[in-house]
Amino acid sequence: RFRLICYLSSTSHYHLCGKVGDTPDKLRLLLFVDADLAGSADDSKSRSGGYMVIAGPNTWFPICWISRKQTATSRSTTEAEVVALAVALFSEAIPTLQLLDLLLGRSVDLFTLEDNQATIKVVRSGFSPKLRHISRTHKINLGSVSEVLADDSVHLEYCHTSFQAADICTKALPPNKWERALQLLGVDTTPPTTSFTTSTTTTSSP
């Protein structure tokens with residue numbers, strides 16, 4: 001608790017910044033998705049992470065983040081990533097996408113960014129012989145995500161790990177990666193500047 005309070009006190013100047021500088025026709029929805037593998041200290045469960053923003057050439061406006069322990073055990077990173085994709089898509093991205101379609105009066109594109117290429121291949125095909133052992137829960141997640149990606153407005157693209165904004169939502173990061181992770185989220189870590197003014201008093205002798 002003491003360390004937590006010290007961290008809050010020393011980072012009170014951190015600000016999550018959002019900027020909208022484009023017309024509505026240039027806006028799109030970005031969903032960063034990540035997962036760890038059996039990262040829980042209490043059991044073998046993995047954790048789903050997600051970070052969603054409205055983006056454009058001059059726009060970066062964070063909408064929500066996800067950090068949720070998975071309810072079923074995954075036997076590989078690919079399985080864990082599929083579960084994370086399903087959680088982020090169905091709990092946050094699709095409802096937000098429908099709302100944006102209504103507000104903007106057009107079909108908004110959703111770009112889901114994943115840093116595991118094996119997961120991308122499996123999800124696009126909807127099946128993999130290497131995952132024939134998966135349980136019903138994982139199979140439903142895989143099939144439902146694959147069906148969503150069949151929509152022309154929903155895209156799944158590869159994102160290098162160094163640009164994966166959801167990485168911070170799945171695991172404890174080493175200190176040397178912390179500042180970069182905050183930058184990916186859009187957090188301004190610039191410490192406040194304090195200006196000092198010096199007043200000079202002149203005393204004249206009578």
Side-chain angles (χ1 to χ4, degrees), residues 14-36 39 46-71 74 77-78 80-117 119-120 123-124 141-142 144-173 177-189:
Y14 284 15
H15 300 286
L16 179 61
C17 302
K19 175 186 177 183
V20 178
D22 298 297
T23 55
D25 60 294
K26 295 183 179 180
L27 300 179
R28 58 183 178 172
L29 199 61
L30 300 186
L31 175 65
F32 296 87
V33 179
D34 195 25
D36 71 343
S46 304
R47 179 167 292 274
S48 301
Y51 194 69
M52 187 164 59
V53 299
I54 297 176
N58 301 290
T59 298
W60 183 270
F61 195 87
I63 297 295
C64 70
W65 59 271
I66 301 171
S67 181
R68 188 176 304 172
K69 186 176 180 180
Q70 298 181 2
T71 58
S74 298
T77 302
T78 301
E81 295 279 358
V82 170
V83 175
L85 269 171
V87 169
L89 276 173
F90 292 105
S91 66
E92 300 295 341
I94 293 179
T96 304
L97 189 63
Q98 294 172 344
L99 177 61
L100 286 178
D101 288 349
L102 180 62
L103 294 176
L104 300 182
R106 66 176 180 88
S107 178
V108 178
D109 285 331
L110 168 64
F111 290 85
T112 304
L113 303 174
E114 169 67 52
D115 62 0
N116 187 292
Q117 297 192 26
T119 302
I120 294 176
V123 169
R124 283 177 176 170
N141 284 329
L142 178 57
S144 58
V145 170
S146 182
E147 289 179 1
V148 170
L149 292 176
D151 191 317
D152 293 337
S153 63
V154 181
H155 314 274
L156 178 61
E157 296 186 356
Y158 173 72
C159 171
H160 193 273
T161 303
S162 59
F163 296 99
Q164 179 55 266
D167 193 31
I168 197 173
C169 301
T170 62
K171 61 185 74 69
L173 300 178
K177 293 185 177 181
W178 185 248
E179 288 295 329
R180 172 60 177 168
L182 293 179
Q183 290 175 4
L184 291 175
L185 297 180
V187 175
D188 182 10
T189 61

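Keep in mind that the numbers below use all heavy atoms, side chains included, and drop hydrogens, waters and symmetry copies. Note that the structure is predicted; figures quoted are calculated from it, not measured.
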Exercise. Could you tell me which residues satisfy side chain to side chain donor-acceptor pair (under 3.5 Å) with Q70, sequence neighbours excluded, listed by chain and number?
Key: S48, S74
Quiz item: Which distance, rounded to the nearest 0.5 Å, do you find between the OG1 of T170 and the NZ of K69?
Solution: 14.5 Å
Quiz item: Closest approach of S107 and S153, non-hydrogen atoms and distance?
Solution: OG-CB, 3.6 Å
Quiz item: Does any N or O in the side chain of H160 come within less than 3.5 Å of the main-chain N or O of S162, such that one atom is a donor and the other an acceptor?
Solution: yes
Practice problem: For residues G56 and D22, report the shortest heavy-atom separation together with the two atoms involved. | Solution: C-OD2, 3.4 Å
Self-check item: W178 vs I168, side chain to side chain contact (heavy atoms under 4.5 Å, CB included): CA-CA, chis, key distance, verdict
Solution: CA-CA 8 Å; W178 185 248; I168 197 173; 3.5 Å; yes
Practice problem: Look up atom CD in Q164 and atom SG in C169, then write down how far apart they are to the nearest 0.5 Å. | Solution: 9.0 Å
Self-check item: Value rounded to 0.5 Å, distance of OH in Y158 from CG in N116
Solution: 8.5 Å
Quiz item: Does L185 offer a backbone N or O that forms a donor-acceptor pair with the side chain of Y51 under 3.5 Å?
Solution: yes
Quiz item: Should the heavy atoms of other residues, nucleotides or ligands under 6.0 Å from CG of D25 be counted, would the total exceed 12?
Solution: yes
Quiz item: Are the side chains of R106 and L27 in touch, meaning some heavy atoms are under 4.5 Å apart?
Solution: yes
Practice problem: Would you check if L29 and I54 make a side-chain contact, meaning some heavy-atom pair closer than 4.5 Å? | Solution: yes
Quiz item: If you measure from CD on E114 to OG1 on T161, what distance do you get to the nearest 0.5 Å?
Solution: 9.0 Å
Quiz prompt | Side chain to side chain, W60 and K19, heavy atoms closer than 4.5 Å | solution = no
Practice problem: Please tell me if the side chains of P62 and L16 come closer than 4.5 Å, counting only heavy atoms from C-beta onward. | Solution: yes
Quiz item: Among all residues two or more places apart in sequence or in another chain, which pass the salt bridge (charged side-chain N to carboxylate O under 4.0 Å, His left out) test with D167?
Solution: K171
Self-check item: Whether D36 side chain and R47 backbone form a donor-acceptor pair below 3.5 Å
Solution: yes
Distance-only donor-acceptor hits, side chain of residues 84-102, under 3.5 Å, sequence neighbours excluded:
from: S91; atom 1: OG; to: V87; atom 2: O; distance (Å): 2.4
from: T96; atom 1: OG1; to: E92; atom 2: O; distance (Å): 2.8
from: D101; atom 1: OD1; to: V108; atom 2: N; distance (Å): 2.8

Exercise. Test side chain to side chain contact (heavy atoms under 4.5 Å, CB included) on V123 and L142 and set out the steps.
Key: CA-CA 6 Å; V123 169; L142 178 57; 4.1 Å; yes
Quiz prompt | Atom pair NZ (K26) and OG1 (T59), whose distance is rounded to the nearest 0.5 Å | solution = 9.5 Å
Quiz item: About how many Å separate CD of Q183 and OG1 of T189, when rounded to the nearest 0.5 Å?
Solution: 6.0 Å
Quiz prompt | Derivation of the side chain to side chain contact (heavy atoms under 4.5 Å, CB included) call for E81 and D34 | solution = CA-CA 6 Å; E81 295 279 358; D34 195 25; 3.2 Å; yes
Quiz prompt | Criterion side-chain contact (heavy atoms from CB on, under 4.5 Å) against M52, the qualifying member of I63, I66, T112 | solution = I63
Self-check item: For A35 against A80, the heavy-atom pair lying closest together
Solution: CB-O, 3.5 Å
